[in-house]
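See structure below.
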Amino acid sequence: MELNDGNLQTLTEYLQKTLSPDPAVRRPAEKFLESVEGTQNYSILLLTVLEKSQNEVIRVCAAVTFKNYIKRNWRVVEDEPNKISDPDRTAIKANIVNLMLSSPEQIQKQLSDAISIIGREDFPQKWPDLLTEMVTRFQSGDFHIINGILRTAHSLFKRYRHEFKSNELWSEIKLVLDTFAQPLTELFKATIDLCQTHATDINALKVLFSSLTLISKLFYSLNFQDLPEFFEDNMETWMTNFHNLLTLDNKLLQTDDEEEAGLLELLKSQICDNAALYAQKYDEEFQPYLPRFVTAIWNLLVTTGQEVKYDLLVSNAIQFLASVCERPHYKHLFEDQNVLTSICEKVIVPNMEFRSADEEAFEDNSEEYIIRDLEGSDIDTRRRAACDLVRGLCKFFEGPVTGIFSGYVSSMLTEYAKNPGVNWKHKDAAIYLVTSLASKAQTQKHGITQANELVNLSEFFVNHILVDLKSPNVNEFPVLKADAIKYVMTFRSQLPKEQLLETVPLLVAHLQAESIVQHTYAAHALERLFTMRGANNTTLITPTEMAPFTEQLLNNLFKSLAIPGSSENEYIMKAIMRSFSLLQEAIVPYIPTLIGQLTHKLLLVSKNPSKPHFNHYLFESLCLSIRITCKANPDTVNSFEEALFPVFTEILQNDVQEFVPYVFQVMSLLLEIHTSSIPSSYMALFPHLLQPALWERTGNIPPLVRLLQAYLEKGAATIASAAADKIPGLLGVFQKLIASKANDHQGFYLLNSIVEHMPPDSITQYRKQIFILLFQRLQSSKTTKFVKSFLVFINLYCVKYGAIALQEIFDSIQPKMFGMVVEKIIIPEVQKVSGQVEKKICAVGITKILTECPAMMDTEYTKLWSPLLQALIGLFELPEDDSIPDDEHFIDIEDTPGYQTAFSQLAFAGKKEHDPIGDAVSNPKILLAQSLHKLSTACPGRVPSMLSTSLPAEALQYLQGYLQAATVQLV
């Protein structure tokens with residue numbers, strides 16, 4: 001694309017169309033942009049539109065499109081096309097910082113993100129001048145520019161908070177510190193001085209305080225991995241100023257908004273985080289400053305109100321106390337009973353209260369509430385922080401703390417009992433307190449795994465929890481009902497089985513509750529209970545125990561999907577999946593109605609897939625329905641196809657990218673169940689599966705390969721007779737996959753199925769070309785993964801077509817090639833083959849080479865006979881060689897960047913491991929002994945003399961064992 005006005009105009013028009021609410025206008029525009037994004041200058045044109053357009057909306061749209069384009073394409077992945085040319089990359093890096101700094105804030109944020117994406121790949125090696133370019137702008141004095149730089153630095157450095165330690169990381173952080181730490185400290189001091197100069201200018205203060213917050217965030221990132229020498233030397237400057245800012249109260253910066261945190265709160269929250277980091281990780285160096293921070297933060301907590309805008313500040317402040325109180329160094333600060341009482345009374349109890357803001361979230365913003373409450377997301381709530389503080393205090397003071405709180409719990413429950421309708425929040429706080437007191441250690445899988453001995457969980461359950469669960473009106477006191485359900489979920493590993501069984505029908509009833517939070521918790525609790533394991537690793541709750549409630553459970557789960565606000569509720573769908581999995585054949589009578597509901601739901605969500613987890617569990621539930629029903633009666637597969645194929649056709653025709661890989665997996669499952677020949681409906685689809693466009697998306701490759709394998713397994717004869725013209729297309733797919741380091745194993749899966757299932761004469765003409773392609777790849781890039789797959793393939797070929805055919809095809813490509821393969825690949829590398837079936841294929845193949853290939857006995861190949869036998873005995877007896885050369889770093893297939901639909905394996909569509917040799921050979925060691933016996937009878941005396949002259953004693957001993965086991969002798 002040339003950089004000219006015509007192209008700028010065209011690009012602007014298409015960007016405008018991507019904003020259209022009408023899919024008929026929007027989708028073609030998106031497709032057009034996708035089709036041109038690989039051309040040179042595309043990104044430069046986008047940046048030009050972003051810089052020069054008069055239309056603000058188009059500028060923002062260009063910025064977002066540019067950022068997403070960079071996100072998808074900047075990382076260069078081996079074997080994938082590089083969509084951004086080198087000149088474009090250079091031009092982007094030369095101009096983007098300037099452009100970002102001169103843009104309005106909305107665009108600045110997008111470009112800042114783009115810089116950090118590029119930085120993650122190119123900084124520091126390929127973008128060495130980025131930091132100096134940024135640091136020089138600190139001198140500008142223009143805080144619009146300075147904040148742009150700080151924001152970019154923050155998005156660039158925040159990954160230091162979760163990267164694993166490595167030398168590469170250390171050297172990068174050291175480089176950043178050498179260039180950045182001093183100017184950042186100078187900027188910090190200068191900004192604080194400016195705050196005093198402009199103490200009465202509200203607009204100036206807003207800009208300066210947002211700078212201070214960003215500087216504080218950068219301080220956290222740069223100090224996270226280790227305490228840098230520079231910051232240790234300058235601790236006085238930083239800590240004194242942080243402490244002053246914590247105690248600062250500027251009336252001008254106080255906001256009237258009760259919801260949104262103001263600049264003052266955001267800055268103080270970050271400072272609490274920074275202090276907690278130092279208290280936890282660098283307590284020795286931080287010791288002189290700690291007491292004044294504890295005092296300042298304590299005062300902050302006692303004087304801050306209950307409004308939502310203070311939530312982050314309060315939770316960070318409490319987290320600071322929590323991190324301090326569990327360090328042995330600081331134990332003395334909390335030993336006094338009065339201090340403990342004061343913390344409990346003034347900090348913990350007030351922050352456990354259920355506020356009207358929480359009530360609003362519970363009712364009107366249930367999704368957010370559930371994420372915060374159930375999943376413990378990053379949004380720290382006051383309650384969670386208070387809970388962590390209780391846990392921290394219990395580390396050294398479990399007795400006194402439990403004593404203090406037991407009093408509170410009793411008085412709260414007494415208040416509730418006086419007037420439940422008015423005082424229900426007291427009971428809510430009591431349950432929360434008991435939960436935080438009792439919970440010592442927790443896992444996602446088992447809930448609470450270690451509990452406080454001083455709290456009787458079972459008794460509390462009977463006296464206070466069961467009452468709410470049993471209440472006949474499921475819609476009364478929804479918050480307390482949700483608390484009760486959550487209690488069961490949290491302490492499921494601590495409560496006796498009888499109590500859990502008693503709650504199952506009650507939870508099933510709560511699936512009908514109007515409150516989204518309540519029926520979601522009920523679904524989640526059932527799902528967690530169904531995964532619990534009892535003796536012998538079977539499920540704790542059995543299908544027999546569920547029998548009285550099965551119908552009600554399935555009915556209520558599907559009905560709850562119809563409650564407004566829960567039509568795509570992932571917890572309910574996961575509970576449906578788990579119920580199917582637990583109940584197994586007990587669901588068969590209900591499937592005819594349920595499958596209709598599932599396919600109807602699939603049709604609806606395929607119009608606009610927005611909940612990936614919901615969709616995943618929906619497909620898992622479909623797979624379970626198919627598996628369980630067809631296990632009992634394989635003929636029902638046809639009725640599933642009738643129900644599903646219309647929806648699948650629509651998904652494939654509309655190219656719903658998120659669903660296509662799932663559809664292929666379910667189709668594979670269906671096709672694998674067929675016992676007779678391949679149905680015509682599948683054959684009609686076969687040519688479409690070979691279209692190159694489908695194979696461009698990495699997420700499609702594993703499920704498509706599996707589907708083609710199912711076609712080959714069930715319909716190889718049909719393909720050979722009715723679709724022989726498609727065989728080159730099938731081999732074209734193999735050729736594309738084999739060329740990629742990331743997907744070559746998938747190419748071999750396909751090739752192995754072709755060799756195993758296709759009638760031999762249908763592929764005779766292509767065989768030599770297949771081997772030539774494999775050798776070319778071996779020469780151009782030989783990786784361990786490729787060699788392992790190659791070994792399995794040549795041995796499978798040998799098993800299928802015989803050892804002579806294998807030797808002849810190698811030697812027809814190049815004289816003596818067979819010997820080179822045996823010597824240079826099979827003998828040294830076979831020890832690396834992993835997997836039972838793979839090892840068996842190699843063992844049978846090598847046995848055939850040793851005993852059914854005349855060339856191994858009487859040509860120059862004979863010298864390889866004993867080393868090959870020794871390698872085979874090694875494959876049987878030695879541990880697997882899993883070493884990988886240093887220069888080979890496997891690309892993780894899931895690690896492809898950007899928005900590519902990643903492949904999500906459906907657990908319940910899983911493929912059974914297939915053994916192409918099957919029962920024909922049950923023990924390869926016995927086969928070797930029998931084959932050697934047969935060979936020795938054909939040429940008496942040869943085999944024992946070859947063994948005695950060149951096989952090491954240890955290998956010979958193993959071989960004697962095989963011969964004895966097979967009750968044969970060598971002659």
Side-chain angles (χ1 to χ4, degrees), residues 21-24 26-28 30-31 367 516 523 554-580 587 590-630 636-671 673 679 681-682 684-685 688-689 694 697 699-700 703-704 707 901 903-909:
D22 178 1
R26 186 179 71 246
R27 284 218 176 108
E30 289 168 348
K31 283 265 186 270
E367 202 168 326
I516 295 177
L554 295 171
N555 268 340
N556 286 6
L557 279 169
F558 277 89
K559 272 193 206 155
S560 61
L561 284 175
I563 300 171
S566 273
S567 62
E568 291 182 41
N569 185 320
E570 65 185 68
Y571 293 96
I572 298 173
M573 193 43 85
K574 192 176 187 184
I576 290 173
M577 171 191 85
R578 199 68 70 197
S579 303
F580 284 9
I587 66 167
Y590 308 100
I591 287 296
T593 49
L594 297 183
I595 199 74
Q597 292 176 288
L598 288 170
T599 43
H600 179 64
K601 184 59 82 178
L602 177 59
L603 191 59
L604 292 176
V605 294
S606 68
K607 303 276 186 263
N608 182 19
S610 55
K611 294 281 181 68
H613 289 107
F614 177 87
N615 301 333
H616 187 88
Y617 300 134
L618 171 56
F619 277 102
E620 291 281 21
S621 303
L622 285 170
C623 291
L624 275 163
S625 325
I626 295 166
R627 258 182 197 273
I628 293 165
T629 315
C630 294
T636 50
V637 66
N638 299 318
S639 46
F640 280 107
E641 287 166 352
E642 277 167 30
L644 289 166
F645 273 22
V647 191
F648 284 0
T649 309
E650 194 163 318
I651 289 170
L652 293 174
Q653 280 173 347
N654 293 333
D655 190 24
V656 184
Q657 291 194 20
E658 297 87 337
F659 283 6
V660 169
Y662 287 127
V663 167
F664 291 147
Q665 287 179 79
V666 181
M667 286 183 66
S668 306
L669 179 64
L670 290 164
L671 184 50
I673 291 166
S681 52
Y682 286 90
L685 183 67
H688 300 287
L689 300 180
L694 270 182
R697 286 187 216 139
N700 285 348
L704 260 178
L707 183 54
T901 314
F903 166 58
S904 299
Q905 173 76 54
L906 289 168
F908 294 110

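Just so it is clear, the model here is predicted, and its values are computed rather than measured. One-based numbering along the sequence shown.
- Contact check for Phe908 versus Leu622: no side-chain heavy atoms found under the 4.5 Å cut-off.
- Distance check, rounded to the nearest 0.5 Å: CD of Glu620 to CD of Gln905 gives 8.5 Å.
- The closest side-chain heavy-atom distance from Phe614 to Leu561 is below 4.5 Å.
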Please tabulate, for the side chains in residues 591-600, all donor-acceptor contacts under 3.5 angstrom to protein atoms that are two or more places apart in sequence or on a different chain.
{"unit_1": "Thr593", "atom_1": "OG1", "unit_2": "Tyr590", "atom_2": "O", "d": "2.8"}
{"unit_1": "Thr599", "atom_1": "OG1", "unit_2": "Ile595", "atom_2": "O", "d": "2.8"}
{"unit_1": "Thr599", "atom_1": "OG1", "unit_2": "Gly596", "atom_2": "O", "d": "3.0"}

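- Distance check: Lys559 NZ to Ser566 OG gives 15.0 Å after rounding to the nearest 0.5 Å.
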Candidate pair Ile572 and Phe558, rule side chain to side chain contact (heavy atoms under 4.5 Å, CB included), full reasoning: CA-CA 8 Å; Ile572 298 173; Phe558 277 89; over 6 Å; no

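- Just one of Asn700, Leu906, Leu704 meets the side-chain contact (heavy atoms from CB on, under 4.5 Å) condition when paired with Pro661; it is Asn700.
- With hydrogens and angles left out, the side-chain atoms of Tyr571 and His613 include no donor and acceptor closer than 3.5 Å.
- Between the NZ atom of Lys601 and the OG atom of Ser621 there is a distance of 12.0 Å, given to the nearest 0.5 Å.
- Atom-to-atom distance recorded for Leu707:CG and Leu685:CG is 7.0 Å, nearest 0.5 angstrom.
- Glu568 CD to Tyr617 OH: the interatomic distance, rounded to the nearest 0.5 Å, is 14.5 Å.
- Within the 4.5 Å cutoff, the side chain of Met573 has no heavy atoms near those of the Asn569 side chain.
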Full working for side chain to side chain contact (heavy atoms under 4.5 Å, CB included) between Arg26 and Asp22: CA-CA 6 Å; Arg26 186 179 71 246; Asp22 178 1; over 6 Å; no

Test side chain to side chain contact (heavy atoms under 4.5 Å, CB included) applied to Phe664 and Leu652, step by step: CA-CA 10 Å; Phe664 291 147; Leu652 293 174; 3.9 Å; yes

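- Annotation: side-chain contact (heavy atoms from CB on, under 4.5 Å) contacts of Pro609 (sequence neighbours excluded): Asn615, Val656, Glu658, Phe659.
- For the pair Glu570 and Lys574, the salt-bridge criterion is not met [side-chain N within less than 4.0 Å of a carboxylate O].
- Once rounded to the nearest 0.5 Å, the distance linking OG of Ser681 with CG of Leu670 reads 10.0 Å.
- A side-chain contact (heavy atoms from CB on, under 4.5 Å) with Ile673 is found for one member of Thr636, Val637, Thr629 and no other, namely Val637.
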Full working for ring-ring contact (aromatic ring centres under 6.0 Å, His included) between Tyr662 and Phe648: CA-CA 10 Å; Tyr662 287 127; Phe648 284 0; over 10 Å; no

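- Using a cutoff of 4.0 Å between basic side-chain nitrogens and carboxylate oxygens, Asp655 and Arg697 are scored as salt-bridged.
- Heavy atoms from other residues, nucleotides or ligands lying under 6.0 Å from CZ of Arg627 number more than 12.
- Using a cutoff of 4.0 Å between basic side-chain nitrogens and carboxylate oxygens, Glu650 and Lys607 are scored as salt-bridged.
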